[in-house]
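All remarks here apply to the structure that follows.
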Amino acid sequence: MPAVTKVLLAEPRGFCAGVEMAVKALAWMVELYDPPVYCYHEIVHNRTVTRIFQQAGVVFVDDVDSVPPGAPLMLSAHGSAPEVVEAARRHGRTVVNAVCPLVTKVHHEVKVRSREGFDVVYVGHEGHDEAVGTMAVAPDSVRLVQTAADVDALEDSGRPVALLAQTTLSLDDWAEVREAVERRFEKVWTPGRSDLCFATTNRQMAVKAMASLVDSIVVIGSRTSSNTDALELVARNSQCPRVERIDTAQDLPDDLGGIVGITSGASVPEQLVQEVIALLDPAEPPETVRATTEDEYFPLPSALRELLAEVGLEANRATTASSVLGRLARR
Ligand code: SF4
């Protein structure tokens, strides 16, 4: 491997507040119940995280009806369709919904706008867990678009249009589709702050800030991770001459040299970043390129807090999801 002189670390990177909450919530379920604990969809879209939970006795399912009556069941951070939430609660299952509050906010916007007679144009990725769950809130009112070309193909029903979005889009994709919708329709309502969440936009801003300072950018995150896809896109659209997308340090190419920038998606444990740095073995200590400081915190789902209270336990806010995963991995 050519010499890596320096590593620049994008800040923020890695776990967001929603993933912190979801990972800690599932770890508590593993603590409270004998295996198997069931989880509808991958708790977050990262292979390392799901592998650690599988080894700890979690079974990920794509159909809640396959979960035995009375079993403990968690619903993933991406949000679930209303009928899935309802089906999960049948047959005496103990259900904890680890949906991120920012996804819940979009579900609420879909519900309210469709009730008010809007056509909802939803910008998202077809088949992604979050998009599927959100569109199911009002399937008759929502139309999915992924590109500006999709917008041009939409029919105009004459009803007002509400423009909503998956939380993990790239800023550039969102801006392009938003412009197309505003060109196509006369009256468009969209939330004062777009549905793109703070974690998604902050991580993208940090990549933009580091792009002109490095010879290459390594983007860490599993292929299923939509917010990591968006990070990769931002990096590829930047001035940086080389971008590598990897899942773990094992995927790192052996010809990186000079100054290497590193970022990671919102579902990526910091341990994976540290393993990449160790392999790059830079001549100088890593430095941080900070776009902003995040201090958002989402409490555990209320159903889980009630379960903990019943057995006299209380979650410690200072515990991090990374430390919890580390403990599970060592069991
Ligand atoms: Fe929530 Fe955004 Fe994190 Fe998704 S990326 S879990 S919407 S904070």
Side-chain angles (χ1 to χ4, degrees), residues 10-27 39-50 53 60 74-81 96-110 122-125 127-135 137 164-171 173-174 191 193-207 219-234 263-270 272-273 291-302 304 317 320-322 324-325:
E11 183 65 45
R13 65 178 180 281
F15 282 177
C16 60
V19 169
E20 278 279 329
M21 175 274 289
V23 166
K24 287 191 280 190
L26 187 53
C39 186
Y40 175 66
H41 287 158
E42 293 182 347
I43 182 69
V44 297
H45 286 152
N46 183 268
R47 288 197 323 172
T48 303
V49 173
T50 51
F53 276 118
F60 293 100
M74 171 150 279
L75 307 179
S76 85
H78 309 101
S80 306
V96 172
N97 193 346
V99 56
C100 174
L102 301 183
V103 176
T104 303
K105 169 182 158 272
V106 185
H107 283 208
H108 181 71
E109 286 164 346
V110 169
Y122 177 75
V123 192
H125 298 301
H128 185 276
D129 291 345
E130 181 183 330
V132 170
T134 303
M135 289 166 58
V137 171
L164 303 175
Q166 193 173 326
T167 56
T168 50
L169 299 182
S170 89
L171 287 163
D173 277 356
W174 161 247
R193 270 183 81 168
S194 82
D195 292 327
L196 273 62
C197 80
F198 69 93
T200 295
T201 52
N202 289 347
R203 279 153 188 71
Q204 291 175 28
M205 297 311 289
V207 168
V219 180
I220 309 174
S222 295
R223 277 285 157 208
T224 43
S225 164
S226 167
N227 80 85
T228 312
D229 287 349
L231 274 181
E232 181 184 358
L233 190 69
V234 168
T263 186
S264 55
S267 51
V268 176
E270 178 61 15
L272 298 187
V273 175
T292 185
T293 301
E294 277 179 6
D295 55 7
E296 282 77 4
Y297 170 80
F298 297 151
L300 293 174
S302 56
L304 179 59
R317 183 175 163 151
T320 65
S322 286
V324 166
L325 278 176

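Order of appearance sets the numbers: ligands from 1, and atoms from 1 within every ligand. In what follows, residues are counted from 1 in the order of the sequence shown. Side chains are part of it too, since the values below use all heavy atoms of this structure and drop only hydrogens, waters and symmetry mates.
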Subject >> Test item: V234 and L171 side chains (from C-beta on) under 4.5 Å apart, heavy atoms >> reply: no
Subject >> Aromatic plane relationship, H128 with H45 - under 30° parallel, 30 to 60° tilted, over 60° perpendicular >> reply: perpendicular
**OP:** Take atom 1 (Fe) of ligand 1 as the centre and count protein N, O or S atoms at distances under 2.8 Å.
**Re:** 1
**OP:** Report the C-alpha separation of E232 and R223 in whole Å, then their side-chain angles, then the decisive distance to 0.1 Å, and conclude whether the salt bridge (Lys or Arg N to Asp or Glu O under 4.0 Å) test is met.
**Re:** CA-CA 11 Å; E232 181 184 358; R223 277 285 157 208; 3.4 Å; yes
Original post:
Can you name the one residue among R13, E294, E11 that meets side-chain hydrogen bond (donor to acceptor under 3.5 Å, both in side chains) with N202?
Top reply: E294
Original post:
Any chance the side chains of S226 and E130 put a donor and an acceptor closer than 3.5 Å?
Top reply: no
**OP:** Under the side chain to side chain donor-acceptor pair (under 3.5 Å) rule, collect the residues that match up with N97, sequence neighbours excluded.
**Re:** none
